[in-house]
Structure formats: structure tokens, C-alpha cells
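Just follow the structure's listing: the first ligand is 1, and inside any ligand the first atom is 1.
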Amino acid sequence: MFKKVPAALAAGLLTLVLTACGGGDAGAGGGSDRITLGFSQVGAESGWRTANTKSVQEAAKEAGIDLKFSDAQQKQENQIKAIRSFIQQKVDAIAFSPVVESGWDTVLKEVKDAGIPVILTDRAVDSADTSLYRTFIGSDFVIEGQKSGEWLVKEYEGKSGPVNIVELQGTTGSAPANDRKKGFGDAIAADPKFKIIASQTGDFTRAKGKEVMEAFLKAHKDIDVLFAHNDDMGLGAIEAIEGAGLKPGTDIKIITIDAVKDGMQALADGKINFIAECSPLLGPQLMDLVKKAVKGEQIPQRVLTEETTFTPEQAKAALPDRKY
Ligand code: AHR
């Protein structure tokens with residue numbers, strides 16, 4: 001049954017409806033020349049991810065692009081659902097950071113058939129058909145792992161072994177977990193004194209990093225080095241190491257990847273020994289690529305992010321200006 005709406009409330013409702021209709025009705029059949037971008041994010045598993053989401057949202061706003069943002073909560077099925085919903089909404093472009101590398105061909109073919117350009121950001125897919133996406137912007141994760149391994153080799157130069165290493169891997173099946181493992185493994189392979197005595201996923205989260213490190217510490221009394229595939233897992237592991245009465249960075253040397261502020265602070269404090277940077281600030285470049293892809297302009301198949309590495313001294317110098 002309808003109820004009479006008071007005049008003041010009715011006026012308020014009308015304003016709301018008009019505002020909703022009037023604001024940036026976007027490419028998705030709205031008739032405006034604003035671009036609508038559907039973006040499927042991995043989740044909110046780490047400090048890196050939070051910084052990446054912020055970068056994408058701020059850059060979209062800055063570029064005048066209407067962003068439809070969807071958080072997959074680290075689940076591939078959620079990303080596939082989001083992508084299909086973007087197709088139905090007739091967005092102008094789709095960007096996503098794939099949780100895992102495999103299993104994308106079917107949905108990417110659907111996007112291609114709908115004539116919507118796809119841009120991979122941060123993480124790659126292993127599809128053999130590279131025409132399923134226009135470009136991939138992000139880091140070289142193999143190099144990040146390799147730089148981490150090379151630091152370790154130098155650190156133990158001329159020292160006798162064994163050097164017992166435990167590894168906290170990122171999300172199983174994800175490009176950064178696969179590639180960082182490979183790069184690190186390749187870098188230490190030439191010297192048999194380096195031994196990875198345990199390797200398990202910590203899903204890129206601080207909580208899981210702590211939990212798995214506690215298990216490593218119970219199972220192994222002779223850990224020399226921890227290689228964590230991101231800062232957050234390393235920070236969780238530091239709590240476990242301290243909880244076991246050991247000194248992180250001294251009793252157990254720690255290498256991580258990302259260089260987010262919390263990680264850099266732990267590095268400056270001597271609790272982490274080395275960090276290979278992975279930049280989350282992909283937003284501005286992503287928006288440029290989206291604009292070009294929508295206009296049908298030529299874009300490179302691969303856009304590589306520039307990155308560096310940090311020792312404790314370098315972290316101390318970089319921290320005051322660190323943006324994330
Ligand atoms: O894909 C990038 C990785 O994902 C970052 O290194 C990690 O922190 C994040 O969860």
C-alpha cells in the first residue's frame with residue numbers, strides 16, 4: 001500500500017534521483033563520452049594491495065574515468081563473476097589483477113567477443129592466446145626473486161654452509177608466488193650450501209605469515225634465513241620469531257618483497273635485512289593505457305614497472321618520502 005510522502009521528503013528524494021541520473025552517466029550506454037572502466041581487484045590482503053587500490057581509485061578520478069570497482073576477496077570465481085557483470089553493463093574497458101595465473105581463457109574470450117579491451121594489471125595470466133588482452137602492466141616478479149637470491153649469495157660469500165632457508169610463498173598459483181620462487185631458486189642454485197628446508201604458502205597475509213612461521217620454528221631448530229614473498233608475511237613472521245625468543249634480522253636473516261612503509265620501517269630497525277621493491281602505484285599509467293585502448297590506439301603488449309632494492313641504510317634514507 002502506498003503511503004503519502006511528506007512534501008519536504010519528496011523534494012529530497014527528487015534531488016537524490018536527479019543527482020544520480022545527472023552525474024557522469026558514462027560510456028556504458030549512457031551516451032556521454034566519459035569512459036567507464038570495470039576493475040576487478042584481488043582483495044585487500046596486504047599493505048601493497050591497499051596502496052594499489054588507492055592508486056587506481058585516485059588515478060581514475062583524476063583522469064575523469066568512471067570506475068566500477070569490485071573486490072574479489074582473493075577468489076578467482078568472484079573475479080570471473082565481476083568480469084561477466086562488467087560485460088553485461090557494457091563497460092568501455094576491463095582491467096583486472098588476476099588472483100591466479102590459470103583458468104582465464106573462457107571468460108576472456110567472452111570479453112573479446114563483446115569487443116571490450118582488457119588490460120592486465122599487476123599480475124599476468126598464462127593464456128597462450130595473447131590477443132585475449134591488450135596489454136599487461138606490472139612488475140617483473142622473477143627479477144624480484146632473483147635480486148633477493150643474489151643478495152643472499154653475496155651475504156654468505158666465503159662463509160661455510162649449510163644455510164638453511166625457509167620460504168613463505170604468496171597465494172598458491174599466483175604469478176608473484178610462482179615467479180618469485182623461481183627467481184630466488186635460480187639465484188641460489190649454483191651453490192649447494194643454500195638449502196630450502198621448508199616452503200609453504202602464507203597467502204600474502206600477515207596473519208598467515210605468522211601462523212606458518214610458528215609452525216616452521218616448531219619443526220626446525222636450525223633456521224638461518226627467511227625468504228618471504230611479501231612484506232606482510234615477513235612482518236607476521238617477525239612476530240612469530242620474537243614470540244619464540246629469537247631476534248629477527250640477527251638470529252634469522254629476513255628477505256622480503258614490496259617495500260611498503262611498514263616493511264621499510266622494519267628494515268630500518270634491523271628486523272628485516274633486505275627488501276626487493278614491487279611498486280603498487282600503477283594507477284596513472286593504467287588510466288593512460290585505458291584511454292588509448294578505448295580509442296583503439298596502439299599500446300605496447302607489456303609495460304614494465306621500474307623498481308629498486310633496499311638495504312637498512314637505504315630504507316632509513318627513503319622512509320621520510322615513502323608514499324605507501
Ligand atoms: O601481486 C603483487 C603482490 O600481491 C604483492 O607483492 C603482495 O603484497 C600482494 O598481495
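With ligand atoms numbered from 1 in the order given, ligand 1 contributes 7 (C), 8 (O), 9 (C), 10 (O) to contacts under 4.0 Å with heavy atoms of Ser46. In the vicinity of Pro176, heavy-atom distances shorter than 4.0 Å reach the ligand 1 atoms 1 (O).
If you check the side chains of Ser46 and Asp232, you find no donor sitting under 3.5 Å from an acceptor.
Of all protein heavy atoms, the one closest to atom 3 (C) of ligand 1 is Arg123 NH2, 3.8 Å. Of the protein's heavy atoms, Glu45 OE2, 2.5 Å lies nearest to atom 10 (O) of ligand 1. Closest to atom 2 (C) of ligand 1, if we only count protein heavy atoms, is Asp122 OD1, 3.2 Å.
The shortest separation from a heavy atom of Asp258 to ligand 1 is under 4.0 Å, placing the residue in contact.
The distance criterion of under 3.5 Å between nitrogen or oxygen atoms is not met by Trp48 with respect to ligand 1. An N or O contact shorter than 3.5 Å links Arg180 to ligand 1 by distance.
Side-chain contact between Ile83 and Val111 is present, with at least one heavy-atom pair separated by less than 4.5 Å. Taking 4.5 Å as the limit, every side-chain heavy atom of Ile257 sits out of range of all side-chain heavy atoms of His229.
Ring pair Phe69/Phe39 is parallel by interplanar angle, where below 30° counts as parallel and above 60° as perpendicular.
Put simply, CD1 on Ile196 and NZ on Lys181 are 5.0 Å apart, with the number rounded to the nearest 0.5 Å.
Salt-bridge check for Asp224 with Lys193: failed, with every basic side-chain N at 4.0 Å or more from each acidic carboxylate O.
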